[in-house]
Structures are given as structure tokens and as C-alpha cells.
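First the structure, in the form of C-alpha cells, and then the observations on it.
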Amino acid sequence: MSRAVHEFRDPTRFVVGTVGQPGERVFFVQASEAGRTITVRCEKQQARILSDRMGDLLDEIATRSDVPIPPAGGEVDDLGPLEMPVDPEFNVGTMGLGWDGERGKVVVELLAADPTATDESVVLSDAEDAPDALRVFLTPQRARQF
């Protein structure tokens, strides 16, 4: 089976949400663009780490470049619930985060967990046998709100 890479170059939405009662919640990340929505399941800690690291990356960009970066602690525009039905494409295993200087956007890549992996090493690749991925390009404003 070939690899699926779900890419969102200008998402209208990139959010974390939950389903379930406290103590039994399941965490999801959703990206939407042009009438298409992709949902992936993640762990609570993964959502927290992604948010924290995204903030750290934006702070680093602000100190090293002339790119206008919104300050931390601003208002969040999107506090709405996840789009239903919540049907995840995959469970997140590895997460990647970077800066695309040409586009002036944060790049988030969430890779599917590989249940057959025998070690913790990860090789990011665009090969056909690489894990499925959700790749999202976020403006600094949208990344800060995440």
C-alpha cells in the first residue's frame, strides 16, 4: 500500500480537541482546508509538546529574523469543537516541526505510528514505504494561536 501524505498549504483550521469525559478523553488534531478535513489521534502529552515547541520555535524566529511574530498570550480565534464525525486517519507516532523561510510559515508534520518498529529511531523520508503523514503549513499567527 502506498503512503498517504495529507498536505494543507493554507489551512482554514488547525486545532486540537478531545472526545470523551475527563479521565477518559481521547485527543485529536484536525486540519481543514477547502472543504476537506483530516483528523489524527494523538496522546495528551503529544498535543502539549507540539504546542510548547511551536511557541519555542516562534520565539526563536522572532529573535533571529525580521519576520513579524505575534506575541504569546494573545486571543485565540478558534475555540470551536472538532468537526464531526471524528474518524482518525492514523495514530500519531513521530512529530516534526520546522520553519519554511521562503514561505514564512511553520511546518508541522505528524507521522503515523509504526506498530512494527523494533526501535525508537526515526528516519524522516518521502519514500513510498514511509509512514502516512499530516503536513500543515501555518502562518505565524495561526501557529501562535495553536
Side-chain angles (χ1 to χ4, degrees), residues 2-20 22 25-115 117 119-146:
S2 67
R3 176 181 198 211
V5 178
H6 308 281
E7 191 165 277
F8 293 79
R9 294 248 173 218
D10 189 24
T12 53
R13 194 160 196 236
F14 185 68
V15 297
V16 170
T18 61
V19 173
R25 286 186 177 144
V26 179
F27 284 73
F28 299 94
V29 175
Q30 271 188 349
S32 298
E33 177 182 68
R36 175 175 73 122
T37 298
I38 296 295
T39 304
V40 296
R41 182 181 177 174
C42 68
E43 298 296 326
K44 178 180 180 179
Q45 285 295 84
Q46 289 174 308
R48 181 175 305 223
I49 289 168
L50 181 59
S51 174
D52 290 347
R53 297 297 184 265
M54 201 173 310
D56 293 345
L57 176 63
L58 290 169
D59 293 343
E60 180 82 14
I61 293 163
T63 62
R64 292 183 177 223
S65 73
D66 296 333
V67 176
I69 302 293
E75 288 190 33
V76 177
D77 294 338
D78 187 352
L79 294 173
L82 295 171
E83 291 185 36
M84 296 296 174
V86 175
D87 185 21
E89 295 292 319
F90 57 80
N91 292 333
V92 175
T94 303
M95 301 183 299
L97 187 62
W99 176 249
D100 182 338
E102 285 184 23
R103 292 184 178 96
K105 292 189 175 187
V106 172
V107 182
V108 178
E109 189 162 295
L110 305 176
L111 301 176
D114 182 359
D119 63 29
E120 302 275 329
S121 65
V122 175
V123 177
L124 297 179
S125 167
D126 283 331
E128 280 298 313
D129 62 345
D132 289 352
L134 170 61
R135 186 177 299 144
V136 182
F137 294 79
L138 302 170
T139 63
Q141 172 85 18
R142 190 169 297 278
R144 184 62 89 182
Q145 289 188 10
F146 182 84

Do Val29 and Phe14 have side-chain heavy atoms sitting under 4.5 Å apart?
yes

As a quick check of understanding, evaluate side-chain contact (heavy atoms from CB on, under 4.5 Å) for Met95 and Ile49, giving each step before the final call.
CA-CA 9 Å; Met95 301 183 299; Ile49 289 168; 4.1 Å; yes

Closest non-hydrogen atom pair, Thr18 against Leu82
N-CD1, 3.9 Å

Working for side chain to side chain donor-acceptor pair (under 3.5 Å), residues Asp78 and Gln145:
CA-CA 8 Å; Asp78 187 352; Gln145 289 188 10; over 6 Å; no

Test item: Arg13 and Glu83 side chains (from C-beta on) under 4.5 Å apart, heavy atoms:
yes

Closest contact, heavy atoms only, Glu33 versus Phe8:
CB-CD2, 3.3 Å

Could you tell me if the side chain of Leu134 sits less than 4.5 Å from the side chain of Glu109, heavy atoms only?
no

Val92 to Gln46 - nearest heavy-atom pair and separation
O-NE2, 3.2 Å

Distance col, row Ile38:CD1 vs Phe28:CZ, nearest 0.5 angstrom, shows 14.0 Å

Distance from Leu138 atom CG to Arg144 atom CZ, nearest 0.5 Å?
12.5 Å

Using a 4.5 Å cut-off on heavy atoms from C-beta on, say whether the side chain of Pro140 contacts that of Pro70.
yes

Between Phe146 and Val106, is any pair of side-chain heavy atoms under 4.5 Å apart?
no

Measure the CD-OG1 distance between Gln30 and Thr39 for me, rounded to the nearest 0.5 Å.
3.5 Å

When you measure from the centre of the six-membered ring of Phe27, is the NZ or CZ of Arg48 closer than 6.0 Å and no more than 45° off the axis?
no

Which distance, rounded to the nearest 0.5 Å, do you find between the CG of Leu97 and the CG of Leu57?
5.0 Å

Using every non-hydrogen atom in the two residues, find where Val136 and Pro11 come nearest and quote the distance to one decimal.
CG1-CG, 3.6 Å

Decide if atom CG of Asp66 counts as having more than 12 heavy atoms of other residues, nucleotides or ligands within a radius under 6.0 Å.
no

Minimal non-hydrogen separation, Phe90 against Leu110, with atom names
CZ-O, 3.4 Å

Between the side chain of Ser65 and the main-chain N/O of Ala62, is any donor-acceptor distance below 3.5 Å?
no

Could you give the distance from OG1 (Thr37) to CE (Met84), rounded to the nearest 0.5 Å?
12.0 Å

Does the Thr12 side chain pair with the main chain of Ser32, one donor and one acceptor, at a distance under 3.5 Å?
yes

Would Leu50 and Val108 count as a side-chain contact (heavy atoms from CB on, under 4.5 Å) if you check the C-alpha gap in whole Å, the side-chain angles of each, and the deciding distance to 0.1 Å?
CA-CA 9 Å; Leu50 181 59; Val108 178; 4.0 Å; yes

If you compare all heavy atoms of Ala4 against all heavy atoms of Asp132, which two are closest, and at what distance to 0.1 Å?
N-OD1, 2.9 Å

Test: Arg103 cationic atom under 6.0 Å from Phe137 six-membered ring centre, within 45° of axis:
yes

Over 12 foreign heavy atoms within 6.0 Å of CD, Glu7
yes

Check the pair Lys105, Thr139 against side-chain contact (heavy atoms from CB on, under 4.5 Å), reporting the backbone distance first and the verdict last.
CA-CA 5 Å; Lys105 292 189 175 187; Thr139 63; 4.2 Å; yes

